[in-house]
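The structure appears below as structure tokens.
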Amino acid sequence: MVTLVFLATDDDSAPIICFLFLEQKKLLSLRLQTVEINNEILYDVKPDMSWSIPAIAAAPVIVTRPSVKVGLLPYTDIIVLAPESILILYSGKQCLCRYLLPSCLGIGNPSCNLGFSKATSISHDLKIVGLADAVEARINVKVNNRMIFRCALHRSPSSSLANDSITAMAEGLSPSFYNHFLVLLWGDGESSCLSEANSTVDSEWNSFCDAIMQMCKKSSVVSQETPESSWEFLLNSKFHKNYCKTNSMIGLSSGVALDRTGLDSMRSNIDGTKSSEKSFHFDLLMESLDSLHAVYESLKMDNLRRRDLELLAILLCNIAKFLGEECYLDHYVRDFPALCKTVKMGINCLSSKAPFNLFRWLENCLQHGCTSDKTNNLPLVVCKDGSSVVSWARKIVSFYSLLCGAKIIGNKLSSGVSCNIASGSSCSNEELTVLAMVGEKFGLKELDSLPSGVSLPLRHALDKCRESPPADWPAAAYVLIGREDLALSCLARSCKFKELETQTNMNLVSMSTPYMLHLHPVTIPSTISDTVGLESTKFEDTDSIDGSMADGMENIFSSCTQLRYGRDLRLNEVRRLLCSARPVAIQTSANPSASDQDLQQAQLWQLAQRTTALPLGRGAFTLATIYTLLTEAFTVPKLVLAGRLPAQQNATVNLDPSIRNIQELKSWPEFHNAVAAGLRLAPLQGKVSRTWIIYNRPEEPNAVHAGLLLALGLHGFLRVLTITDTYQYFSQEHEATTVGLMLGLAASYRGTMQPSISKCLYVHIPYRHPSSFPELELPTLLQTAALMSVGLLFEGSAHPQTMQTLVGEIGRRSGGDNVLEREGYAVSAGFSLGLVALGRGEEALGFMDTLVDRLFHYIGGKEICNERSLLLAASVDEHNRVTGQMMDGTTVNVDVTAPGAMIALALMFLKSESEVIVSRLTIPQTHFDLQYVRPDFIMLRVIARNLIMWGRIHPSKDWIQSQIPEIIKNGVKGLRDDTMDIDEMDAETIVQAYVNIVAGACISLGLRFAGTKDANAQELLYEYAAYFLNEIKPVSTTNRSTFPKGLSQYVDRGTLEICLHLIVLSLSVVMAGSGHLQTFRLLRFLRNRSSVDGHANYGIQMAVSLAIGFLFLGGGTRTFSTSNSSIAALLITLYPRLPTGPNDNRCHLQAFRHLYVLATEARWLQTVDVDTGLPVYAPLEVTIKETEHYSETSFCEITPCILPERSILKTVRVCGPRYWPQVIELVPENKPWWSFGDRNDPFHSGILHVKRKVGACSYVDDPIGCQSLLSRAMHKVFGLTSLRAGCTGNNSNNGSAAVTVDQLVSTFSSDPSLIAFAQLCCDLSWNSRSDVDFQEFCLQVLFECISKDRPALLQVYLSLYTTIGSLAEQVSNSNLLVGDLLSVSSLKLALSYNEAVMTGRLATSRGSIVQSVFLGSLRKRVEELLNSAEQLKTDLHNYLNSGSWPNDGSFGVKSSTILSWYLQWFGVPAAPKVKTMVDKIKPMNISLSPVPLLCLLLPGTHINAVEEINQFLLST
């Protein structure tokens, strides 16, 4: 029976499954074979691939290779407790070592060291009896005295170099070789490092080197034991070696000759087993050399591992020396010339194998492309799938391959390496390279640790993609190319709003350099200082006594609104105009008399009309401006109707309750005040909790909570209420609460036809009660609200039964208490019917024709066919109820039913362009018709006709004139003409019709261009508003002959006032959210004027208040939509019957005036600087699609701004020279704007991140762009530098000058690396030293990097500069200097990159990212220095002749270093190679120069070096 099953890993990384049989005391291991079918990995068990180990306990542990993964699982070894109670570690079937318990097991020392069988210091009384709870390399060891020890098995080395080398052996050696190596490494007692728990990194590396050298020793021991034949003795003699040297004229190369001798020795060898053992060790060492060489080349690509590189070079030299690989030896000595002292070099190479050189490979890739023969010699370890140890080199090879045009074949590239490429589109090699860097998690930190020359082509790829990367890249790709703005936008798309913060930080950290993460700006932009200043100047006013009072508008000021309105005080003025929370100033004489008190009361009454209307506008102004967590009680600002007397030390005067009923005056205004307070809320979670609503419910129902319910419903938050909550509210029988709740629920469930809500609403419509239902006395007000709520709930559904009901309600006499409110009831039914069939009148529903005929019957149209049948149809649904139609005999009371029916038709056929309906909705054309139709109904007919013929509305005077029938045009023209014989009655009728038609046309314009800020519509409406204003009371002296004059003689002032204010309201709907100054001045004038003139009608004040609110909708962050649903909501708000007082609900329920909220959209866009996190100005180019009025148009906006509607918006592009461009492409759709937190919102809830280019200031700090002329400022700094250089004695000003550079840089960039560089390398106090040249260079580089926005190139420039500096010192200085020899290869690669850019092999739009002139000067300087080096020619001659390096003490190392520079710079192959080539040419006896032939044979070698070879070896 199996007692334990677990997974482990075989020595060649194959998975094995282990079964422990306790009774048989054995562990059976089965090797799993993996088969991949249709991208699914299937496991197959082969019985012949199994083995068993004696064991009484076993566990999987991670010891030998902890960093290696096999698929998704770690590389797992097996710890086995053998029957003899000894612990043994296995890797697959390979036994590695024994573990022993330490002799001194104290209580405080619970760690188990690694021991070997030879060790005798074991405590004999303790015996291991079991194993448990293995986690990674820790395990519980149970001993026979019932104690359990937690033991840490000594893991693989902590030295990264030793670890890499062991992993390389595992990945590069064949399994049999690796097993042999593992036993040497783990199983031998001499490798003391692995048997000590507290070993150091150095001892671990030494231990690894020992294991390798043991292989060499074993190989040499085997070869010594082999009995040599006489022939072999001769071949190994010194004489033979000298003979080969002197007589190398024979055409055979030395390698071939040696192969021959090796073959002979094999044949002549007697003992075959000894020979095979020798070749086994030889092959093992050769494979080890190749594997470790791959690690060596990979380490060259990491600046931070130079010490490891040197240690590895020493080991590789020893292996190569033992194997006789002269070319390998030469390769390592070139990188570390100091090794030439310890290594004796020769020219007789035992093999012709050349070591792989990664620098040379990358150079060839740039010069000849990825497909050339020169790039096919990659080591197997680099090409191997899943290789982890040389993944660094593999990544760089894959990036270069892609950059130079490699093709992708499966999951590999045509160059032979595998590469992970992130998802995203790419249309160039550079874009593909960037995606590969992201796929391989190769970030900016990794890029910085590459040698500068190696990083250049990759930086080139990033730079090329930076301007306009594809839109579908992952966020990490954008961070990599330095576009954090796009990265944040991408992250906001890919995750929900709540997760954005954590997600952002995680993703961006992984790709960006630590010092490039979002830091606070060095300079404080003026936006912050302005906002701070704003806080201190709380809303103070000359009128206010206590500036700290809460007026409901405290939260309107933010950094965005501050940026939007700059330093003008528009918002403060709006706040002053809409404030209803403080007493109003009354102007009186200083010595009041008794008559003055009456006057004060009269004035107070007039002002109270205005104050009670203000909350409607304030609700629009503060709409969704408080983004808070709803954890506090709901507060409503006071509604103060008192006045104060500035002439009498601000004494307060209250309304006299004996004269007026103040409570009655305040009931509905209190409701509006609470709605305004509730509309401010915009919770970040996007919903309000039910608990919070219940928490705010008062003991006794009041208007305040009723208003809150309506406000929450309009925001869509009432879905959280349960049916029981709704019932409790209704059972309170509070009129305002019921109205607010019904409308709020209907708005929250708009268009859903939710059955439970519809039942609640139908309870309040008595006609819908079944006959068995008891009679309910319901106020008309509630029935009116219920009808509208039904319309909202069934919006757009065209539900037949509901429509039948509603059309009956239009013509039904209200059964409620207030017969005067029956027009309001009919209008509400009309709106409701229009909402249910919104824009769907044309759809062929069976009953639609009858329904339309009935509506025309209610309007009083002349074309009524068979009235009797209509009445019959109407009475079918009566359910035998007694309430009858509004009729006198058989005539419908048109005065009551017409408005509702017209509204219903307008909304049913909205935008349908139905000629049939419009032809029946006629505007009176004769004097008789004018007498027949009420003037205010003419206005409704005009509105209805225009809403149906939506496409024909045009913002021009001609269009408005076309609305007016000829008879009215002629009649108005003839008003001033005395010859015209018009009686007083006709003139009044004509003028009444004229003003109503014009007002109706203006309202139609307002609805058609709602929220569009259309300039033509604005000018036209403003002109008509000014015209009506002049007709009421001449204000402007400009004489406009186009409009008829003298209307006020024929029409009452009240009608003109209403028409004027409806036009003004329409104007503010067009300019909604824009804060348009000219419109605002007009509104302010109207507000002040009305109170002075004594025409402070409540309805007119309400219109002005709403207009101001609309103009600054949501503090200027919101606007109106023109979707069907929005137009309906706006029409309900703008319904052209204004109330006469605060409690007037006769013609239109006042609560309906808040339904504009359903038409609002947050199309607000602000740009935020991604580096500073502050809102900034940025120019946008907005493109809108072609419509019937205009062709496709682009226009410029400055953020923060409001965007056009989604139905016409095509592209939004960040333009201008100061910010990196980005384009948001959209498909115009007839859909509402994206809701807050919507994943698909391309504007991320109104925030667009932008990235400022280095070298430019923000528009806040530098509005006109004079500071961004960086070059001028830099030249001043250069001037300072050269001045200081002349007078080093004057150090007093150095500090201030240094601050200049530092401050200057911080003005243009918040990149800390640039600022630190300016502080450290451009410090003018350096002039006293001999580093003026360096400082001048630093200043120029700083200017170059800032002006071209490439701060990352600072380190590249410095690296290249210091490379040349160290070479110059090496050549000129007699002392030995330790130089970085790899920097020459890096510099050569930089030059190859420059050449690739110049010849067009690397695509570029802006040239090389490093100045070509600079790189050219470096090349010239290197060659000058090498030519000036003494002793170099001699050393080169010796090297080419005998392969020997200079070897006379420290001077020899210096000479070796310079020789190494030369060999690497000019690409001279190893001496044995050169010797072989020369030997090939010599016998040919070429009469002409052999240089061309040498160039062919040595393709990578520079012509200068070829000539030297010719001179030294062929000419002598």
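None of the values given here were measured: they were computed from a predicted structure.
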Task: Inter-residue atom distance Ile693.CD1 - Leu709.CG, 0.5 Å rounding - done: 7.0 Å
Pair [X] and [Y], ring centroids less than 6.0 Å apart:
X       : Y       : value
Phe1152 : Tyr1135 : no
His769  : Tyr762  : no
Phe1110 : Phe621  : no
His672  : His1154 : yes

Closest contact, heavy atoms only, [X] versus [Y]:
X      : Y      : answer
Ala674 : Leu708 : CB-N, 4.1 Å
Phe909 : Ser914 : CD2-CB, 4.4 Å
Val688 : Val720 : O-CG1, 3.3 Å
Val790 : Leu761 : N-CD1, 3.8 Å

Task: Side chains of Leu792 and Glu795 in contact at under 4.5 Å (non-hydrogen atoms) - done: yes
Open item on the list: I'd like to know if Glu823 pairs up with Arg1137 as an ion pair, taking the criterion as any Lys NZ or Arg NE/NH1/NH2 lying under 4.0 Å from an Asp or Glu carboxylate oxygen.
Closed with: yes
Open item on the list: Taking Asp853 first and then Arg920, would you say they form a salt bridge - that is, a charged N and a carboxylate O separated by under 4.0 Å?
Closed with: yes
- [ ] Determine the interplanar angle of the Trp668 and Phe671 rings, folded into 0 to 90°, and report it as parallel if under 30°, tilted if 30 to 60°, perpendicular if over 60°.
- [x] perpendicular
Task: side chain to side chain donor-acceptor pair (under 3.5 Å) partner of Thr737, the single match among His734, Glu735, Glu733 - done: His734
Task: Among Val852, Val836, Thr802, Leu855, the one residue meeting side-chain contact (heavy atoms from CB on, under 4.5 Å) with Val807 - done: Leu855
Task: Test side chain to side chain contact (heavy atoms under 4.5 Å, CB included) applied to Arg840 and Leu907, step by step - done: CA-CA 9 Å; Arg840 298 182 66 175; Leu907 293 180; over 6 Å; no
Open item on the list: Could you walk me through whether Phe794 and Ser758 satisfy the side chain to side chain contact (heavy atoms under 4.5 Å, CB included) test, starting with their C-alpha distance in whole Å, then the side-chain angles of each, then the deciding distance to 0.1 Å, before giving a yes or no?
Closed with: CA-CA 9 Å; Phe794 286 83; Ser758 67; 3.9 Å; yes
